[in-house]
Structure formats: structure tokens, C-alpha cells
Amino acid sequence: MSTPPSIVSTVAGILGGNDKQVRAKVLSVIRDIKPEGSDPSDLADIASRDRVVADAAAVPVRPAVSVLMLRDGREGLEVFIQHRVSTMDFAAGVVVFPGGRVDPIDVETASSITVPDPAAHASAWSQSAIAEEAEGWRVLLATAAREVEEETGAVLDPTGLRPWANWVTPLGLPKRFDTYFYAIAASEVVSAQHQTTEAHTSEWRSVTGILTDEGEGHLKLMRPTFVLLRELADFTTVAEALGAERIIDPVRPEFPSRRGS
């Protein structure tokens, strides 16, 4: 069976020019995110869209982890994604990265997690709430390894996980998470596949392909997912992405808490 041509190569054949030139054209048509509260990504989660929260301040913020598994592909960077089923009570019907909330077992197994640069992990989350927990970064790594194995069958080496971003679900939603994102090269991931009941499909997709499909209305992305993919679109290889300097400032969006105020 012949391999189908990539989007970039196909467009190159139509428009003329080499892949690098056409890649620039493809990136130029990927939309930018709109201000908070006015972007489609703010209403992507159909489970939370119309639910009224009687006491927003009483909704607990639970720590969670999400992992961006990256590999080089014909269209540039590829990332492993899951298409969530529409019946979930959070992030329903949207595209996400593998991950989930911190469980008690992660606290128990955290002490077994070793990395060559513990200070780098502690420093990466120094502005985040997890910094208040002694050895909290080890718990996050334990969660990342467990969740990815449960959801994809892949076994991660925690030493390959790079702290990437921290997003907190805004006040006013029925479920809230303090989510810690990691990035890892696919060479550190063994046999990722679809095996979670929380999604109807799991697959490797190009970053530009996901963003293009979202812009055309074929996929739904929540704001953190969209922003992180939009950032990744600026890189052409995994080495380039993981080699870039990254300073993590926790993002705490206000929408929808200010709605109706």
C-alpha cells in the first residue's frame, strides 16, 4: 500500500514551491486565538457549557497532569491525541492529550521516581500551587507515567518528561483542575495506542493538521489545548521544540467567572 502524500506536500504540488515555503503558507492560515470569553475554545466543552454552578467558590481545584507525546512526521511535529466521547462530564467531545487527575496511589509511588535533575523540576513549577507540596513534582511525574500507561499502554521514562505548562480551570465551571502539562519525545514512548474508554479514538496527528481541522470546524479544542498546539506549530522538529527555553507562568483564565457580572 502506498503512503498518501502529506498535506504540506500536496499543497506544494498545487501552489508550487518547496515544503518549507508551503509550510509557512499553511501556518499563516491557522487562526489566532481570540480574547478570553470570545473564542470558540472557551465553549468547546459541551459538558460544562450550560451548567449553572450555585457556589463556584466551593468547587475544588484538583491537581492533574497531561502529556504531550511528540514525534517528527512528514507534516512536521506530530502529537498523540484522544478524541473524548461526548458523554464525559468534563472536556466532553473535545480533543485532548493523555492524562488525568492525581490519585492517592501517585503520592504513594512518588518516592520511587528518580530523575537526574530534580532541581530543574522543582524550579519549573516554582510559581505553581504544587510548589507548596514537599516533593510535589515527583507526584506529578508518577501521575504522568501512570495515566499514560493506563490510557495508551505506553511506558514512559520519567526522565524524558519536560515540564511544559500549567493551566488552571477558571472559576465558574462545575469541575476545576490545576493541570500540569509535560512534553516528551516519542523515542521515550513505547507503543502508544488507543485503549481508554474516555475517548472514541486515539491517534497521532500533525499539529498543523489538528489546528487546520479545528479552524474548519471539524474538531473542538479547549483553550489550553489550542494555545499549546499553536505554540508547537512554530517548531519543525521534536528536538527543536524540546530544546527551546521555556519559562512556566501558571495561566489562570477568568472566563466564565466574569460572565454575567
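We use all heavy atoms of the structure for the numbers below, so side chains are in, but hydrogens, waters and symmetry mates are not.
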Enquirer: Using the test side-chain contact (heavy atoms from CB on, under 4.5 Å), find all partners of Ala131 that sit at least two apart in sequence or belong to another chain.
Expert: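 So Ala131 forms no side-chain contact (heavy atoms from CB on, under 4.5 Å) with any residue.
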Enquirer: Between the main-chain N or O of Ile130 and the side-chain N or O of Ser128, is there a donor-acceptor pair closer than 3.5 Å?
Expert: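 Here the side-chain-to-backbone pair does not exist.
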Enquirer: From Glu214 CD over to Leu221 CG, what is the distance, rounded to the nearest 0.5 angstrom?
Expert: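 These two atoms lie 5.0 Å from each other.
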Enquirer: Give me the atom names and distance for the closest heavy-atom approach of Arg162 to Ala244.
Expert: NH2-O, 2.6 Å
Enquirer: Check for a donor-acceptor pair, side chain of Arg176 on one end and backbone N or O of Thr169 on the other, with a separation under 3.5 Å.
Expert: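 The answer is yes, because a donor-acceptor pair under 3.5 Å joins these two groups.
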Enquirer: Under the rule for salt bridge (Lys or Arg N to Asp or Glu O under 4.0 Å), what residues qualify as partners of Arg101, not counting sequence neighbours?
Expert: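 Salt bridge (Lys or Arg N to Asp or Glu O under 4.0 Å) list for Arg101, sorted by chain: Asp103.
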Enquirer: In chain order, what residues pass the side-chain contact (heavy atoms from CB on, under 4.5 Å) check against Glu203, with sequence neighbours excluded?
Expert: Ile81, His83, Arg205
Enquirer: Given the rule in the salt bridge (charged side-chain N to carboxylate O under 4.0 Å, His left out) test, do Arg223 and Glu36 qualify, once you have shown the distances and angles that lead to the verdict?
Expert: CA-CA 9 Å; Arg223 178 172 283 264; Glu36 191 178 318; 5.7 Å; no
Enquirer: Please list, chain by chain and in numerical order, all residues satisfying salt bridge (Lys or Arg N to Asp or Glu O under 4.0 Å) with Glu147, sequence neighbours excluded.
Expert: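 Salt bridge (Lys or Arg N to Asp or Glu O under 4.0 Å) check on Glu147 returns nothing, list empty.
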Enquirer: I'd like a table of donor-acceptor pairs (distance under 3.5 Å, sequence neighbours excluded) in which one partner is a side-chain atom from residues 133-142, with atom names and distances.
Expert:
residue: Glu135; atom: OE1; partner: Arg138; partner atom: NE; Å: 2.4
residue: Glu135; atom: OE1; partner: Arg138; partner atom: NH2; Å: 3.4
residue: Arg138; atom: NH1; partner: Ile113; partner atom: O; Å: 2.4

Enquirer: Could you list the residues that satisfy side chain to side chain donor-acceptor pair (under 3.5 Å) with Ser41, not counting sequence neighbours?
Expert: Asp39
Enquirer: What is the minimum heavy-atom distance between Ala183 and Leu70, and which atoms define it?
Expert: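 In terms of heavy atoms, the two residues are closest at CB-CD1, 4.3 Å.
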Enquirer: Is it the case that one hydrophobic cluster holds both Val61 and Val107, taking links as side-chain heavy atoms less than 4.5 Å apart, direct or via other members?
Expert: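 No, separate clusters.
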Enquirer: Between Thr109 (side chain) and Ile105 (backbone), is there a donor-acceptor pair under 3.5 Å?
Expert: yes
Enquirer: Could you list the residues that satisfy salt bridge (Lys or Arg N to Asp or Glu O under 4.0 Å) with Arg246, not counting sequence neighbours?
Expert: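 Salt bridge (Lys or Arg N to Asp or Glu O under 4.0 Å) check on Arg246 returns Glu231.
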Enquirer: Would you please name every residue forming a side chain to side chain donor-acceptor pair (under 3.5 Å) with Asp249, sequence neighbours left out?
Expert: none
Enquirer: Tell me, please, which residues at least two apart from Phe80 pass ring pair (Phe, Tyr, Trp, His ring centres under 6.0 Å).
Expert: Trp204
Enquirer: What distance separates Leu161 CG from Leu156 CG, expressed to the nearest 0.5 Å?
Expert: 5.5 Å
Enquirer: Say whether, by atom type as modelled, one donor and one acceptor occur between the side chain of Ser123 and the main chain of Ala120 under 3.5 angstrom.
Expert: no
Enquirer: Quick one: salt bridge (Lys or Arg N to Asp or Glu O under 4.0 Å) pairs with a partner in residues 106-118, sequence neighbours left out?
Expert: Asp106-Arg146
Enquirer: Any donor and acceptor pair, going by atom type alone, linking the side chain of Gln195 with main-chain N or O of Glu150 inside 3.5 Å?
Expert: yes
Enquirer: At what distance, to the nearest 0.5 angstrom, does NE2 of His194 lie from OG1 of Thr201?
Expert: 6.0 Å
Enquirer: Taking a hydrophobic cluster as the set of Ile, Leu, Val, Met, Phe, Trp and Tyr residues connected by side-chain heavy atoms closer than 4.5 Å, whether directly or through intermediates, do Val168 and Leu68 fall within one such cluster?
Expert: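 No, no single cluster joins them.
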Enquirer: With sequence neighbours left out, write down each residue that passes ring pair (Phe, Tyr, Trp, His ring centres under 6.0 Å) with Trp125, or none if nothing qualifies.
Expert: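 For Trp125, the residues satisfying ring pair (Phe, Tyr, Trp, His ring centres under 6.0 Å) (neighbours in sequence not counted) are Tyr180, Tyr182.
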Enquirer: Could you check whether Glu151 and Gln82, counting side-chain N and O atoms only, form a donor-acceptor pair closer than 3.5 Å?
Expert: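 Looking only at side-chain atoms, Glu151 and Gln82 do form a donor-acceptor pair, the distance falling under 3.5 Å.
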Enquirer: If you measure from CH2 on Trp164 to CG on Leu232, what distance do you get to the nearest 0.5 Å?
Expert: 6.0 Å
Enquirer: Can you tell me which residue pairs pass the side chain to side chain donor-acceptor pair (under 3.5 Å) test with a partner in residues 58-73, sequence neighbours excluded?
Expert: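 As it turns out, the side chain to side chain donor-acceptor pair (under 3.5 Å) pairs with a partner in residues 58-73, which skip direct neighbours, are Arg71-Glu78.
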